[in-house]
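Structure, as structure tokens:
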Amino acid sequence: TKLLFSVMFRLLPESALILGIIVILILFFYGIKNNRNNLLLALSVAVIWLSLGINHLNETGQILAYPALIRTGNIFAYLIFPALYIFSRNTFYPGNHWYATDWLFLLPSLIYIADMLPFFLSDADYKIAVMKANLGNPARMFRVAEGWIGIKGFHFVFRYLWSVFIFVLQIRLIIKNRQIRINSPDAGNRKLFWFILMY
């Protein structure tokens, strides 16, 4: 039983990551032809995939083999909910796919990159040494203390606050449009609404 669970826990994340690549490729090469908004859906799935992929490398310790990816997970984690929100908004309100104010959604990722830039530019041996220490100490791992302008632990807390804020905008968007989509005679609209709700 233990062996079965061990194999399942190892194969399940990797299988999900492989399926994620397939979904992204289908959306990017086929979905965009049908609807330009599918590019935003592909972007949304891609940032989720990148964040989960790096998280999987951290959990397995394989991140040490890819020093360039060390501590890059938050870049993508900050973008998960904004990408989903913009996709949903453009689904409910077709037209302009990118507004000038949408650039603000990139700010947390850019602040994170600026904070971690000295670490990102460090040599591979230094990154590996730091990450080895982090992997052996979960509290230190979550503190993200390698930045030069941020408060220790800031990104761990702010990432969740940011996600909750965008999630509230997403819920507000869904509630505002629930009658239009659910009561629509177009079955496709209803399916799309439920897809957004589940996603």
Side-chain angles (χ1 to χ4, degrees), residues 6-29 39-87 98 102-167:
S6 175
V7 170
M8 280 178 56
F9 281 120
R10 180 160 179 85
L11 293 179
L12 189 62
E14 291 173 2
S15 300
L17 289 170
I18 291 167
L19 286 174
I21 292 172
I22 294 168
V23 169
I24 292 165
L25 291 173
I26 290 170
L27 284 170
F28 189 77
F29 291 108
L39 178 60
L40 289 163
L41 180 58
L43 175 65
S44 175
V45 175
V47 291
I48 292 170
W49 185 91
L50 287 163
S51 184
L52 291 176
I54 291 168
N55 186 56
H56 178 64
L57 291 175
N58 287 337
E59 286 183 3
T60 59
Q62 294 174 358
I63 192 72
L64 298 174
Y66 308 96
L69 295 178
I70 291 174
R71 285 302 198 194
T72 59
N74 276 339
I75 297 171
F76 310 110
Y78 275 128
L79 295 172
I80 290 172
F81 280 99
L84 172 59
Y85 174 77
I86 295 170
F87 163 74
W98 188 267
D102 290 341
W103 291 107
L104 295 173
F105 287 124
L106 301 179
L107 272 179
S109 285
L110 294 175
I111 290 169
Y112 179 76
I113 291 168
D115 184 25
M116 298 294 290
L117 195 59
F119 179 79
F120 291 149
L121 296 176
S122 299
D123 62 83
D125 291 337
Y126 173 73
K127 289 181 186 176
I128 290 168
V130 169
M131 199 58 179
K132 277 183 180 176
N134 288 342
L135 291 174
N137 186 342
R140 181 175 169 171
M141 182 74 174
F142 291 125
R143 201 161 50 236
V144 192
E146 295 83 21
W148 67 284
I149 57 174
I151 302 164
K152 290 179 182 179
F154 169 79
H155 293 291
F156 178 72
V157 174
F158 183 67
R159 187 181 69 195
Y160 288 101
L161 293 176
W162 175 248
S163 297
V164 168
F165 170 69
I166 305 297
F167 189 63

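In this chain, numbering begins with 1 at the start of the sequence shown.
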Report summary line: Closest non-hydrogen contact found for F105 with L79 is O-CD2, 4.1 Å
Query raised in the report: Could you state the interatomic distance from NZ (K127) to OH (Y66), rounded to the nearest 0.5 Å?
Result: 15.0 Å
Query - Sequence neighbours excluded, every pair satisfying side-chain hydrogen bond (donor to acceptor under 3.5 Å, both in side chains) that has a member inside residues 102-113 - result: R89-D102
Report summary line: Here the gap from R71 atom CZ to I54 atom CD1, rounded to the nearest 0.5 Å, amounts to 11.5 Å
Requested in this report: For residues T60 and L57, report the shortest heavy-atom separation together with the two atoms involved.
Outcome: OG1-O, 3.3 Å
Report task. Quick one: do I86 and W98 satisfy side chain to side chain contact (heavy atoms under 4.5 Å, CB included)? Show the steps, please. Result -> CA-CA 8 Å; I86 295 170; W98 188 267; 3.7 Å; yes
Report summary line: Nearest heavy-atom approach of S51 to G73 is OG-O, 4.0 Å
Query raised in the report: Of all heavy-atom pairs between L135 and G61, which one has the smallest distance, and what is that distance?
Result: CD1-CA, 4.1 Å
Query raised in the report: To the nearest 0.5 Å, how far apart are CG in D115 and CZ in F154?
Result: 8.5 Å
Query raised in the report: To the nearest 0.5 Å, what is the distance between CD1 (I80) and CG (L43)?
Result: 11.0 Å
Requested in this report: For the residue pair F81 and V164, establish whether any side-chain heavy-atom pair is separated by less than 4.5 Å.
Outcome: no
**Report entry** Contacts of F87 that satisfy ring-ring contact (aromatic ring centres under 6.0 Å, His included) - sequence neighbours left out
**Finding:** none
Query raised in the report: S163 side chain to R159 main-chain N or O, any donor-acceptor pair under 3.5 Å?
Result: yes
Query raised in the report: Can you check whether F119 reaches I70 side chain to side chain, under 4.5 Å on heavy atoms?
Result: yes
**Report entry** Heavy-atom check, side chain of T72 versus side chain of F120, under 4.5 Å
**Finding:** yes
Query - Distance-minimising heavy-atom pair for A133 and R140 - result: CB-NH1, 3.5 Å
Query raised in the report: Going through the distances and angles, do F158 and Y78 end up as a side chain to side chain contact (heavy atoms under 4.5 Å, CB included)?
Result: CA-CA 9 Å; F158 183 67; Y78 275 128; 3.5 Å; yes
Report summary line: One should read off an interatomic distance between M131 CE and N58 CG, to the nearest 0.5 angstrom, of 4.0 Å
Query - Heavy-atom closest pair, residues P67 and A124 - result: CG-CB, 3.8 Å
Query - Euclidean distance, I63 CD1 relative to I128 CD1, rounded to 0.5 Å - result: 10.0 Å
Report task. Measure up the F156 and Y160 rings against each other and bin them: parallel (under 30°), tilted (30 to 60°), perpendicular (over 60°). Result -> perpendicular
